[in-house]
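Before any comments, here is the structure.
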Amino acid sequence: MSQILTQKFFNRQTEKVARELLGKFLVRRYRGKTTARMITEVEVYDGFNDKASHAARGPTKRNAPMFGPAGHWYIYFTYGMHWMLNIVTREAGYPAAVLIRGVQGANGPARLTRFFKIDKKLNGLPATKESGLWVEDRRVRVQSAYIKKGPRMGVGYAGPYWARRRLRLRIV
DNA sequence: TAAGTGATCTCT
DNA sequence: GAGATCACTTAA
C-alpha cells in the first residue's frame, strides 16, 4: 500500500517535512517507465533569514518557486552541469524548500537528478502523477536513532551561524 | 585537491 | 555588459 503525498504534507514546518521525507519514496514516470527510490538524505532551506538559502536576498527569477505554494518542485542548474531538486514547503509568500540530496542507489543531489532524468522541465510543476515526479509514503518507518543531523554541505558563504546549523538530515 | 562548466546574480 | 559565484562530481 502506498499513498501519494499531497500539498497538505508539504505545507508545514520545513524541518518537520524534511524529517518525515526520510524513508518516503521519490517516484519518477518518464517515457512510460516508473522508477522509485527511497529518500535517504535531505537539507532544509527555510525562510527569508536563512543566509544559505537562495531566497535570502529576496525573490528572483530563479528562486521564484520557493515563494510559491507547497508541494511544487524547485529545480535549478549549478556548476555548469548539475541539476538540484527541491520540494517547496510552507505557504505561498514564505520561501522554503527541502533539497533532496540522496536516494537509495544515488547519493548526491546531482547524481539523483541524473539518475531520474530530472531537469528544468519539471521546475515549478506540482509533485503529482501528472507532472511525472512525485513522492509516496510506502509505510517505511525510519526511527530517530537512525537519523543523523549535521551541517549543510557547501554553504560556508552563509557565515558561521547558518553554515553550522544542523539542517542536513540523513539515514545512517 | 582541483578542474570542469555555464546559468544566474550583482554590480557597473 | 562584465565579472564572480555556485545547495556538485569526478578523477587523481
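Atom set for the values below is all heavy atoms of this structure, side chains included, hydrogens, waters and symmetry mates excluded. Bear in mind the structure is a predicted one, so any value in this text is a computation, not a measurement. Residue numbering restarts at 1 for every chain, and letters A, B, ... go by the order of the sequence lines.
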**Request:** Can you sort out the partners of A/Trp162 under ring-ring contact (aromatic ring centres under 6.0 Å, His included), two or more places apart, ordered by chain and number?
**Result:**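 Partners of A/Trp162 by the ring-ring contact (aromatic ring centres under 6.0 Å, His included) criterion come out as none, since no residue qualifies.
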
Round to the nearest Å and state the distance from [X] atom [atom1] to [N] atom [atom2].
X        : N     : atom1 : atom2 : answer
A/Tyr157 : B/dC9 : OH    : P     : 13 Å
A/Tyr76  : B/dG6 : OH    : P     : 18 Å
A/Met84  : B/dT8 : CE    : P     : 14 Å

**Request:** Only one of A/Leu122, A/Ile118, A/Ile75 passes side-chain contact (heavy atoms from CB on, under 4.5 Å) with A/Thr113; say which it is.
**Result:**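 Only one option passes, and that is A/Ile118.
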
**Message:** Once pairs are restricted to Watson-Crick or G-U wobble with both distances under 3.5 Å, how does DNA chain B read as a dot-bracket string, [ ] for crossings and | for other-strand pairs?
**Reply:** ||||.||||||.

**Prompt:** Which residues satisfy the side-chain hydrogen bond (donor to acceptor under 3.5 Å, both in side chains) test with A/Asp50, sequence neighbours excluded?
**Reply:**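 Counting only residues at least two positions away or on another chain, A/Asp50 forms a side-chain hydrogen bond (donor to acceptor under 3.5 Å, both in side chains) with A/Arg152.
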
**Request:** Give the intermediate values and the outcome of side chain to side chain contact (heavy atoms under 4.5 Å, CB included) for residues A/Arg90 and A/Arg12.
**Result:** CA-CA 5 Å; A/Arg90 298 286 303 262; A/Arg12 296 182 298 146; over 6 Å; no

**Message:** Distance alone, cut at 3.5 Å: any donor-acceptor contact between the side chains of A/Tyr76 and A/Asn86?
**Reply:**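 On atom types as modelled, these side chains do not qualify, holding no pair under 3.5 Å.
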
**Prompt:** How many angstroms lie between OG1 in A/Thr35 and CZ in A/Phe116, if you round to the nearest 0.5 Å?
**Reply:**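 The distance works out to 6.5 Å.
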
Scan [X] against the nucleic acid and name what it touches under 4.0 Å (heavy atoms): base, sugar-phosphate only, or nothing.
X        : result
A/Thr60  : sugar-phosphate
A/Arg114 : sugar-phosphate
A/Arg152 : nothing
A/Ala110 : sugar-phosphate

**Message:** Any carboxylate oxygen within less than 4.0 angstrom of a Lys/Arg side-chain nitrogen, looking at A/Arg165 and A/Glu15?
**Reply:**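 The answer is yes: the pair qualifies as a salt bridge.
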
For a quick test of your reading: what N or O donor-acceptor pairs under 3.5 Å do the side chains of residues 96-110 of chain A make, sequence neighbours left out?
| unit_1 | atom_1 | unit_2 | atom_2 | d |
| --- | --- | --- | --- | --- |
| A/Arg101 | NE | A/Glu41 | OE2 | 2.9 |

**Message:** Tell me the closest heavy-atom pair linking A/Ala92 and A/Pro69, and the distance in Å.
**Reply:**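 It is CB-N, 3.9 Å.
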
**Request:** Would you check if the distance from the ring center of A/Tyr45 to the ring center of A/His54 is below 6.0 Å?
**Result:**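 No, too far apart.
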
**Request:** I would like to know whether A/Thr128 and A/Trp134 meet side chain to side chain contact (heavy atoms under 4.5 Å, CB included); could you show each step before the answer?
**Result:** CA-CA 5 Å; A/Thr128 60; A/Trp134 66 94; 5.5 Å; no

**Prompt:** Taking 5' to 3' order, which nucleotide of DNA chain C is first and which is last to have an atom within less than 4.0 Å of a heavy atom in chain A?
**Reply:**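 Here the contact window of chain A covers C/dC6 to C/dT10.
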
Return the polar atom pairs (N/O with N/O) between nucleotides 1-5 of chain B and the protein under 3.5 Å, or none.
| unit_1 | atom_1 | unit_2 | atom_2 | d |
| --- | --- | --- | --- | --- |
| B/dT5 | O2 | A/Tyr79 | O | 2.6 |

